[in-house]
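Report on the structure given below.
Residue numbers start from 1 in every chain, and the chains themselves are labelled A, B, ... in the order their sequence lines are given, proteins ahead of strands.
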Amino acid sequence: MCLQNFPCQEVERHNKPEVEFKTSKELLLNPILICRNEAEKCLIESSINSLRISIKVKQADELENILAKKFLRFLSMRAESFQVLRRKPVQGYDISFLITNFHCEEMFKHKLIDFVVAFMEDIDKEISELKLSVNTRGRLVATEFLRQFT
Amino acid sequence: MADDEDNGSSVLDADTFVETEAPAVIIARIEGKSRQVERLLRIPQYTEALETALMDAPTQTRDEQCKAANWILVHRVLMATKDVDGLLLGLNPELHDVLMKYLYRGLATGDRITCDLCLRLHEKLFDMAGIGCIMRAISDTQNLV
């Protein structure tokens, strides 16, 4: 991850993350799409001063779909405190990270990478736990409710 | 000022890109290569087949059909290979970069079997060729495979 400061070429005194605007082709690298299978994929787009990582998490059924959407939306809304998270995921993906050269100056690069990797590893576990707790609660409530009819 | 108006076109414009060969010529060459590759796969000589498929890859052209045709050829060889380690050990080091670009193309397809194979090959090729290979595959915007 080699990001350096690069003031905007078109507008004076502006400093934009080039990967978001994509105005100049020479500042961008080839985007890399890595698919683990049909459901999960990861898009990595890079430029001279910024890096965007978008992840689509595995969603096996409708319940996981809803849980993933709500959970990741919850995280994205609080993007300010994460700093490297993007408020809206890129079209076609569930969550996006935007890392700029300023983040690299303030924080350790290897720690940033560890954060993203740990996030990817934990997200599946979190969603499975959520699904399990929803199913357990549903079963308990249904048992209690239907008990009055037996 | 007059010279400020030229800032719209960058060095990577498609118009300034010079195509050295016509697409039809490249497709004909790929067809010739595919016959050779089929013959090598039947022997079977997987490393030579892969080298033939990777040699003269259509990187100097913008025609998507040529690139797709060569990718199908490389994909055929990769799927047919039984011994992944031996395949990479015998490979010419100059072809490592081209193979890495094709592996990333394979990872983008989304097909489970292709992706599994590409991930395994990526790990082995990374051990052999190092991180420079990946960097060249990402940063080379001119010679796209």
Side-chain angles (χ1 to χ4, degrees), chain A residues 1-4 6-12 14 16 18-19 21-60 90-94 99 101 109-110 113 116-117 120-121 124, chain B residues 1 3-17 57 59 62 64 67-68 71 75 78 97-123 125-126 130-145:
Chain A
M1 186 165 67
C2 304
L3 304 175
Q4 64 184 65
F6 195 85
C8 182
Q9 291 184 126
E10 275 93 38
V11 186
E12 251 184 45
H14 277 206
K16 313 179 193 172
E18 294 296 333
V19 79
F21 294 89
K22 296 197 168 80
T23 43
S24 311
K25 275 184 3 187
E26 70 268 15
L27 303 173
L28 307 172
L29 295 182
N30 296 328
I32 299 189
L33 177 62
I34 302 172
C35 302
R36 204 202 221 169
N37 47 51
E38 290 83 6
E40 295 173 85
K41 51 184 178 167
C42 173
L43 177 67
I44 303 177
E45 300 161 285
S46 182
S47 72
I48 189 165
N49 62 358
S50 44
L51 175 65
R52 187 163 72 182
I53 303 170
S54 311
I55 306 172
K56 180 152 186 62
V57 305
K58 179 175 59 145
Q59 286 153 24
V90 170
Q91 188 81 1
Y93 294 86
D94 293 326
I99 303 176
N101 57 293
K109 269 192 238 182
H110 60 277
I113 298 173
V116 177
V117 169
M120 287 204 282
E121 285 171 0
D124 281 337
Chain B
M1 293 210 294
D3 48 355
D4 276 349
E5 286 160 24
D6 198 27
N7 54 5
S9 64
S10 77
V11 280
L12 299 177
D13 260 0
D15 322 325
T16 60
F17 188 83
T59 54
R62 291 262 196 252
E64 280 310 312
K67 293 184 196 284
W71 158 241
H75 186 239
L78 292 177
D97 290 345
V98 186
L99 179 59
M100 187 58 92
K101 289 182 192 170
Y102 274 117
L103 287 178
Y104 276 118
R105 187 168 173 156
L107 284 169
T109 54
D111 169 42
R112 187 182 287 258
I113 311 166
T114 313
C115 288
D116 276 341
L117 180 65
C118 287
L119 278 171
R120 265 182 290 142
L121 277 166
H122 185 280
E123 186 193 353
L125 185 59
F126 171 63
I131 202 160
C133 189
I134 300 182
M135 282 314 299
R136 284 187 290 273
I138 308 177
S139 53
D140 195 355
T141 47
Q142 291 283 49
N143 304 327
L144 290 169
V145 89

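For a residue to count as touching a neighbouring chain, one of its non-hydrogen atoms must lie under 4.5 Å from one of that chain's; by this rule I32(A) touches chain B with the side chain only. When heavy atoms are compared at a cutoff of 4.5 Å, L28(A) approaches chain B solely by way of its backbone atoms N, CA, C and O. Contact annotation for L144(B): only side-chain heavy atoms (C-beta onward) come within less than 4.5 Å of a heavy atom of chain A.
The aromatic rings of H122(B) and Y104(B) sit perpendicular, their planes meeting at an angle over 60°, well past the 30° parallel limit.
The shortest side-chain heavy-atom distance between F6(A) and L27(A) falls under the 4.5 Å cut-off.
Under 4.0 Å is where a charged nitrogen must lie from a carboxylate oxygen, and between K58(A) and E40(A) no such pair does. The pair K101(B)-D140(B) meets the salt-bridge criterion, with a side-chain N (NZ, NE, NH1 or NH2) lying under 4.0 Å from an Asp/Glu carboxylate O.
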